[in-house]
Amino acid sequence: MIITTSLILPFIDDQNIPNEWAKQVLSDVQNLTEEQLHKVITVFLKDFEEGLLEAKGWPIHISAYKISKAAMNAYTRILAKKYPNICTNSVHPGFVKTDITCNIGELTVTEGAEGPVRLALLPNAIGKPSGLLFYEHQVLPF
C-alpha cells in the first residue's frame with residue numbers, strides 16, 4: 001500500500017475515515033447494501049451540515065472528497081455482487097498532471113490513462129476481475 005502526503009488513495013482506513021461505524025459498514029463486503037451505503041452518506045451529510053465532522057469522527061480535511069471516493073468504491077463492490085456477469089471495478093489512475101492537480105502530479109496524462117484503459121480492454125472472459133480497486137496496475141484493498 002502506498003500512502004503519501006501528495007496523494008490520497010480511497011482506502012477505508014483510520015486516516016481517511018476515522019468514523020468507526022462508517023468504516024465497519026463500508027468494509028463489510030459480504031453484507032454491504034445500497035441502503036447501508038445511502039445511510040452512511042446521509043449521516044455524513046447531516047453531520048457535515050451541522051458542523052459535527054470532528055466530533056463524530058469523520059475526516060476533517062477534504063472530507064467530502066474522501067467520503068465520496070469511499071462511497072464510490074463501496075458501490076463498485078455492490079454492483080459487482082449484484083451483476084456478476086458485468087465486470088465492475090474502481091480505478092485510481094495515480095497523481096496525474098492535470099488542471100485538477102494544478103499540474104503538479106507525478107504522472108503525465110498518458111501515463112495516468114494506462115491503468116484505466118488497460119482495465120477497460122481486458123478480454124471478456126470468465127474470471128475477469130470485478131469488484132476491485134485498481135491503482136495504476138495493482139489491485140489494492142479498499
Side-chain angles (χ1 to χ4, degrees), residues 1-50 52-54 56-142:
M1 180 177 351
I2 301 168
I3 303 270
T4 68
T5 56
S6 64
L7 179 66
I8 298 172
L9 297 176
F11 297 122
I12 300 171
D13 61 13
D14 292 335
Q15 178 184 347
N16 291 313
I17 303 183
N19 180 292
E20 289 299 323
W21 167 76
K23 189 171 18 178
Q24 182 179 3
V25 170
L26 296 176
S27 296
D28 187 359
V29 179
Q30 298 303 321
N31 299 307
L32 186 62
T33 65
E34 290 179 44
E35 292 77 18
Q36 291 170 314
L37 177 57
H38 184 265
K39 183 170 182 170
V40 170
I41 294 167
T42 301
V43 170
F44 168 76
L45 289 172
K46 180 180 176 287
D47 292 344
F48 182 86
E49 290 170 353
E50 295 176 1
L52 298 173
L53 292 183
E54 188 170 14
K56 297 287 183 102
W58 295 104
I60 305 303
H61 303 290
I62 57 174
S63 55
Y65 175 84
K66 290 178 181 180
I67 298 302
S68 72
K69 295 309 166 203
M72 180 190 64
N73 291 335
Y75 193 57
T76 296
R77 293 181 289 187
I78 292 168
L79 288 176
K81 189 168 54 172
K82 189 173 183 178
Y83 302 104
N85 294 328
I86 298 173
C87 181
T88 308
N89 292 295
S90 293
V91 62
H92 185 308
F95 192 46
V96 181
K97 294 176 190 169
T98 63
D99 290 347
I100 200 166
T101 64
C102 299
N103 291 305
I104 61 168
E106 299 166 355
L107 303 173
T108 67
V109 172
T110 301
E111 291 168 331
E114 284 180 24
V117 169
R118 185 177 201 220
L119 186 59
L121 295 176
L122 285 174
N124 191 11
I126 295 173
K128 187 174 178 178
S130 190
L132 303 174
L133 168 62
F134 287 83
Y135 173 70
E136 296 178 355
H137 305 292
Q138 303 172 40
V139 175
L140 296 178
F142 285 89

* Structure fact -> Residues passing the salt bridge (charged side-chain N to carboxylate O under 4.0 Å, His left out) test with K39, sequence neighbours excluded, are none
* For the pair N89 (side chain) and L133 (backbone), establish whether a donor and an acceptor sit closer than 3.5 Å, ignoring hydrogens and angles. => no
* **Salt-bridge contact E34-K82 (side-chain N to carboxylate O under 4.0 Å)** => yes
* Asked: How far does CG of N19 sit from CG of L26, to the nearest 0.5 angstrom?
  -> 9.0 Å
* Structure fact -> One should read off an interatomic distance between S63 OG and E54 CD, to the nearest 0.5 angstrom, of 11.5 Å
* Would you check, one step at a time, whether the test side-chain contact (heavy atoms from CB on, under 4.5 Å) holds for T101 with V96? => CA-CA 7 Å; T101 64; V96 181; 5.8 Å; no
* Structure fact -> Closest heavy-atom pair, Q36 versus N31, reported as atoms and distance to 0.1 Å, is OE1-O, 2.8 Å
* To do: With rounding to the nearest 0.5 Å, note down the distance linking CD in E106 to CD in E111.
  => 10.5 Å
* Asked: Would you find a donor on one side and an acceptor on the other, under 3.5 Å apart, between the side chain of K66 and the backbone of I17?
  -> no
* **Spacing of NE2 belonging to H38 relative to OG1 belonging to T33, to within rounding of 0.5 Å** => 11.5 Å
* **Distance, nearest 0.5 Å, that separates NZ of K46 from CG of L52** => 7.0 Å
* **Under 3.5 Å: donor-acceptor pair, side chain of N73, backbone of S90** => no
* Asked: Hey, is CD1 on I100 packed in by over 12 heavy atoms from elsewhere, all under 6.0 Å?
  -> no
* Does any N or O in the side chain of D28 come within less than 3.5 Å of the main-chain N or O of Q24, such that one atom is a donor and the other an acceptor? -> no
* Structure fact -> Closest heavy-atom pair, G94 versus L107, reported as atoms and distance to 0.1 Å, is CA-CD1, 4.0 Å
* Asked: Among all residues two or more places apart in sequence or in another chain, which pass the salt bridge (charged side-chain N to carboxylate O under 4.0 Å, His left out) test with E49?
  -> none
* To do: Output the distance between atom OH (Y135) and atom CG (L140), rounded to the nearest 0.5 Å.
  => 8.5 Å
* Structure fact -> Closest non-hydrogen atoms of V29 and K81, given as atom of the first, atom of the second and distance, are O-NZ, 3.4 Å
* Look at the side chain of S130 and the backbone N and O of T88, then say whether any donor-acceptor pair between them is shorter than 3.5 Å. => yes
* To do: Report yes if the side chains of F95 and I104 come closer than 4.5 Å at any heavy-atom pair, otherwise no.
  => yes
* Asked: Hey, is the main chain of V43 close enough, under 3.5 Å, to the side chain of K56 for a donor-acceptor pair?
  -> no
* To do: Assert yes or no for the condition that the ring centre distance of W58 to F48 is strictly below 6.0 Å.
  => no
